[in-house]
Every structure is written in C-alpha cells, then in structure tokens.
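What you are looking at is a predicted structure, and each value in this text was computed from that prediction instead of being measured.
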Amino acid sequence: MKAVVNYENGAEKVRLMDMPVPVPAEGQVRIRVAYCGICGTDLHIYGGDGGYPTKPPVILGHELSGTVEEIGPGVDPGLLGQKVVSETYYHTCGHCIYCQTGHKNLCPEKRSIGSAVNGAMAEYVVVPATNLHPIPEGVSLKEAAMTEPLACCAQGVLEFGGIKPGDKVLITGPGVIGLMCLQLAIAAGGSVTMAGTAVDEERMEMAKRLGAEAVLYTDRPDAEEEIARQFPPFGPDVVLDCSGAGPAIALGLKVIRKGGRYVQVGLTGRPTTFDMNLITLKELSVYGTYAQKTRWWVAALELMRQGRIQLAPLISHTYPLERWEEAFRGCINKIGFKYLLVAQEDEL
C-alpha cells in the first residue's frame with residue numbers, strides 16, 4: 001500500500017513509500033482509510049524541530065475517517081462495514097494513576113498512531129477496536145476526519161477554558177484549531193474576538209463568518225489599545241492561544257484580566273519566554289491541554305451530529321497521497337484552511 005512515512009529523525013525526512021498492508025491482531029480492526037487530515041504535529045515532525053517526537057520509521061497521520069474492512073480475533077463482526085473514526089492511542093497501560101483517573105492522554109506508556117506506531121496517511125491502518133466511534137448519520141467522511149482536532153479543541157475550550165455564557169474570550173491564532181475553538185466558545189455562550197497577523201487575512205474573514213464579534217491584528221502598533229477597546233474594563237476573561245507563537249503567548253498573558261483563565265492550545269515547537277510575574281501578580285489560572293480524553297470525542301461527534309459546529313467550510317484542500325508534499329507545503333505557507341489527504345481513489 002502507499003503511505004507517507006517519516007523514515008528517520010531530522011528535517012524533511014518524509015517520503016511516499018510502499019508498505020505492507022497491515023493485518024489486525026486480536027482485539028484490533030483494519031480500517032480502509034478514506035481521509036486523513038494534516039495536523040500541526042505532522043508539520044513539526046516534517047520540520048524536524050523536536051516539537052513532536054516520533055519513533056521512525058513510522059507512517060504519519062492520526063486524523064482519520066474510514067470503513068472497517070477486517071477484524072481480528074475477538075472483535076464484534078458487527079463492526080465490519082461501519083464508517084468510523086478512531087481515537088489515536090494505540091496503547092496505554094491501563095493501570096497508572098493517569099489511566100485510572102480518566103487521563104489516558106498523560107499515560108507515560110502512551111503510544112499513538114502517526115508517531116509511535118504506524119498511522120493513517122496510508123490506504124489502511126490498524127487500531128484497537130475499542131478506539132472506534134461510529135460516524136453519526138448526516139456527517140460526511142470528510143467532516144468526520146476532523147473529529148480528532150475538534151475533540152482536542154473541545155477539551156481545551158470546555159474543560160480547561162471553562163467558558164460560560166457571558167464570558168469575553170480572546171483567541172490568538174486563526175488557523176483551523178483557532179476557528180474550531182471559536183465555534184466551541186460561542187456554543188458555550190462566550191463572545192469571541194479573534195486575533196491574528198497580516199498573513200491571516202483570509203482566516204480572519206472566515207472567523208467573522210463563523211461568528212467572531214471582532215477581529216484584530218496583533219502585528220499592528222495599536223494592538224494592545226485595540227484589545228483594551230474590545231474588552232472593557234479589565235480585559236478578556238479567557239485567552240486561548242492556538243498559534244504556538246511566542247509573541248502571541250506573551251501578549252495573551254499581558255492583556256488577560258486579573259483572575260482570568262489562560263489556555264495554551266498550540267504547540268510552540270521550541271522553548272519560548274514570557275513574563276512569569278504576570279501569572280503571579282494577576283492570579284491567573286494557566287492551563288495546558290494535550291490531545292484529548294474519550295469524553296471529548298463523544299462530545300465532538302454529538303456537536304457535529306447536531307450541526308452546531310461547521311467543519312465543511314474549513315476543508316479547503318484535498319490531495320491524493322501521492323501529492324502529500326504539495327499539501328504539506330500549502331499548510332506550512334498558511335494557504336487556505338484544512339488539508340485532507342485522500343487515501344482511496346474512489347473518494348476523490
């Protein structure tokens with residue numbers, strides 16, 4: 001089968017390769033992949049910047065939708081032919097304090113598809129049957145391929161952001177993750193301002209289409225004054241950084257109101273600096289959010305079923321696996337929105 005493989009550590013150590021079709025073992029299924037999204041973590045892997053570690057050689061990709069084609073021993077035959085999405089954890093230990101308290105995303109033995117084991121930028125992928133979620137009626141395979149990032153955003157916005165009706169929210173970084181967080185914050189009752197830079201013009205227009213009350217540009221000299229005008233009298237109640245950019249992080253901590261909630265959603269890819277005194281002197285609650293727990297998969301799929309989150313407008317490009325490099329370059333250059341790789345020709 002064709003697959004996009006990170007064949008060794010380092011920058012741009014990725015290529016299209018022929019790989020064996022995987023065979024499901026006990027408790028596993030093989031999914032005929034329809035679509036696989038390109039994630040920011042894939043770009044970190046491609047760039048070799050250390051922002052997300054892998055164990056090469058490994059097939060990339062963890063944002064997938066597809067159809068259960070084959071089952072291993074002990075798996076319910078009723079799964080055959082089902083259209084599904086899959087959680088990303090190939091293995092967690094099940095007995096550490098994190099697994100026992102519902103935080104398997106923090107398990108020290110966690111191995112995920114697309115980084116530690118072969119992922120879904122391929123025609124087929126094998127995953128544990130317990131990872132599967134059926135795609136709701138009315139949700140397309142294209143939209144379903146975005147369930148994983150939506151679940152990540154739901155955890156950041158709804159669990160750590162704790163957004164409630166009336167909250168004033170600032171989101172920095174109007175990429176696909178930021179635009180998902182925007183919609184989730186609005187669904188939770190928040191009023192949202194989206195912040196970006198001059199290169200984000202198209203994405204800022206999309207933010208307005210999706211319900212942002214205002215947009216502002218942080219690379220303009222009056223950015224802080226504009227934020228003060230948007231968030232009287234003390235600043236935003238909640239700041240979500242979806243950019244992973246050092247200047248945006250520093251700005252968010254500077255402008256958030258005293259006692260506010262700050263959530264770091266985007267990966268920086270490298271160490272960054274900010275004024276730690278702001279956290280102390282403003283008594284801020286600062287959170288990081290990493291991957292997602294099962295309950296946020298369930299929530300994400302239900303929000304999609306209800307039509308409360310618009311994903312189709314965010315899918316701007318689809319490419320066959322053979323053109324993966326072109327797709328990666330488009331993502332890196334911030335052209336458009338979400339890029340999906342099409343694993344099967346009949347989905348083109």
query: Linking I/L/V/M/F/W/Y whenever any side-chain heavy atoms sit under 4.5 Å apart, do Phe160 and Leu170 land together?
result: no
message: If I compare all heavy atoms of Leu314 with all of Gln183, which pair ends up nearest, and what's the gap?
response: CD1-NE2, 4.1 Å
field: Hydrophobic cluster identity match, Tyr319 and Leu43, side-chain contacts under 4.5 Å
entry: yes
- prompt: With a 4.5 Å heavy-atom cut-off, do Val298 and His133 have their side chains touching?
  reply: yes
query: Between Phe337 and Glu202, does a side-chain contact (heavy atoms from CB on, under 4.5 Å) hold up when you go through it step by step?
result: CA-CA 9 Å; Phe337 301 95; Glu202 181 184 13; 3.7 Å; yes
- request: For the pair Ser243 (side chain) and Gly173 (backbone), establish whether a donor and an acceptor sit closer than 3.5 Å, ignoring hydrogens and angles.
  value: no
- prompt: Is the backbone of Gly336 close enough, under 3.5 Å, to the side chain of Arg203 for a donor and an acceptor to pair up by distance?
  reply: yes
query: Looking only at side chains, do Thr294 and Glu87 share a donor and an acceptor under 3.5 Å apart?
result: yes
- prompt: Within the distance-only criterion (no hydrogens, no angle test), does the side chain of Lys104 pair as donor or acceptor with the backbone N or O of Lys110 below 3.5 angstrom?
  reply: no
- prompt: With a cut-off of under 6.0 Å to the ring centre and 45° to the axis, is Arg257 in cation-pi contact with Phe231?
  reply: no
query: Are side-chain heavy atoms of Ile177 and Cys152 found at a separation under 4.5 Å?
result: no
message: Do Glu283 and Lys258 have side chains that approach each other closer than 4.5 Å (heavy atoms only, starting at C-beta)?
response: no
field: Under 3.5 Å: donor-acceptor pair, side chain of Asn6, backbone of Glu8
entry: yes
message: Under a 3.5 Å distance rule, please check whether Glu302 uses its side chain to pair with a backbone N or O of Met304 as donor and acceptor.
response: no
message: Can you give me the closest heavy-atom contact between Pro236 and Val255, atom names plus distance?
response: CD-O, 3.3 Å
query: When rounded to the nearest 0.5 angstrom, what is the spacing between CE in Met121 and CD1 in Ile38?
result: 5.0 Å
field: Tyr217 vs Met204 side-chain heavy atoms within contact, under 4.5 Å
entry: yes
task: Would you tell me whether Gln28 and Tyr90 have side-chain atoms, one donor and one acceptor, within less than 3.5 Å of each other?
output: yes
query: If you group Ile, Leu, Val, Met, Phe, Trp and Tyr by side-chain heavy-atom gaps below 4.5 Å, do Ile113 and Val75 land in one group?
result: yes
- prompt: Hey, does Trp297 have a side-chain heavy atom less than 4.5 Å from the side chain of Val85?
  reply: yes
message: Would you say that more than 12 heavy atoms from the other residues, nucleotides or ligands in this model lie under 6.0 Å from the CZ of Phe234, or not?
response: no
field: Cys99 to Gly94 - nearest heavy-atom pair and separation
entry: SG-N, 3.3 Å
field: Arg270 atom CZ, neighbour heavy-atom count above 12 within 6.0 Å
entry: no
Backbone N/O of Val169 and side chain of Asp167: donor-acceptor pair under 3.5 Å: no
- request: State, yes or no, whether a side-chain contact exists between Thr147 and Leu150 at a heavy-atom distance under 4.5 Å.
  value: no
- prompt: Atom CG of Leu184 and atom CG of Leu158: how far apart are they, to the nearest 0.5 Å?
  reply: 5.5 Å
message: Could you check whether atom CG of Leu281 has more than 12 heavy atoms from other residues, nucleotides or ligands sitting under 6.0 Å from it?
response: yes
task: Quick one: pull up CD in Glu148 and OG in Ser86 and give me the separation to the nearest 0.5 Å.
output: 10.0 Å
query: Taking all non-hydrogen atoms of both residues, which atom of Asn105 and which atom of Ala291 are closest, and how far apart?
result: CB-CB, 4.2 Å
message: Under 3.5 Å, is there a donor on one side chain and an acceptor on the other for Glu109 and Tyr89?
response: no
- prompt: Heavy-atom count around Glu225 CD within 6.0 Å, excluding the residue itself: above 12?
  reply: yes
- request: State, with a plain yes or no, whether a side-chain heavy atom of Leu253 is found less than 4.5 Å away from one of Leu284.
  value: yes
message: For the NZ atom of Lys338 and the CG atom of Leu311, what is their distance to the nearest 0.5 Å?
response: 10.5 Å
- request: Ignoring hydrogens and angles, tell me if any N or O in the side chain of Thr67 forms a donor-acceptor pair with the backbone of Lys83 under 3.5 Å.
  value: no
task: Please state whether the rings of Tyr46 and Trp324 are parallel, tilted or perpendicular, taking 30° and 60° as the class boundaries.
output: perpendicular
message: So Ser112 and His62, do their side chains get closer than 4.5 Å, heavy atoms only?
response: no
Atom of Asp42, atom of Phe328 and distance for their closest heavy-atom approach: O-CE2, 3.9 Å
query: side-chain contact (heavy atoms from CB on, under 4.5 Å) with Arg30: which of Val125, Val68, Val21?
result: Val21
- request: Provide the closest heavy-atom pair for Lys282 versus Lys254 in the form atom of the first, atom of the second, distance.
  value: NZ-O, 2.8 Å
From Lys55 atom NZ to Arg111 atom CZ, the distance as rounded to the nearest 0.5 Å: 6.5 Å
- request: Classify the side-chain pair Asn277/Thr280 by whether it contains a donor and acceptor separated by less than 3.5 Å.
  value: no
Value rounded to 0.5 Å, distance of CG in Leu278 from CD1 in Ile256: 10.5 Å
message: Please determine whether residues Trp296 and Ile186 belong to a single hydrophobic cluster, defined as Ile, Leu, Val, Met, Phe, Trp and Tyr linked transitively by side-chain heavy-atom distances below 4.5 Å.
response: yes
- prompt: Does the pair Gln344 and Glu123 meet the rule for a side-chain contact (heavy atoms from CB on, under 4.5 Å), with working shown?
  reply: CA-CA 6 Å; Gln344 304 292 340; Glu123 296 175 81; 3.6 Å; yes
message: Go through it in stages, so that I can follow the logic: the residues are Glu12 and Arg329, the test is salt bridge (charged side-chain N to carboxylate O under 4.0 Å, His left out), and I'd like the CA-CA distance, side-chain angles, deciding distance and then a yes or no.
response: CA-CA 11 Å; Glu12 300 187 16; Arg329 292 294 180 191; 3.4 Å; yes
message: Show, in sequence, the C-alpha distance, side-chain angles and deciding distance for Lys293 and His103, and conclude whether the side-chain contact (heavy atoms from CB on, under 4.5 Å) test is met.
response: CA-CA 6 Å; Lys293 308 173 189 71; His103 296 80; 3.2 Å; yes
field: Check against side-chain contact (heavy atoms from CB on, under 4.5 Å), Glu224 and Leu251
entry: CA-CA 8 Å; Glu224 289 186 36; Leu251 178 66; 3.7 Å; yes
message: Would a single hydrophobic cluster contain both Ile249 and Val199, if residues Ile, Leu, Val, Met, Phe, Trp and Tyr are joined by side-chain heavy-atom contacts under 4.5 Å?
response: no
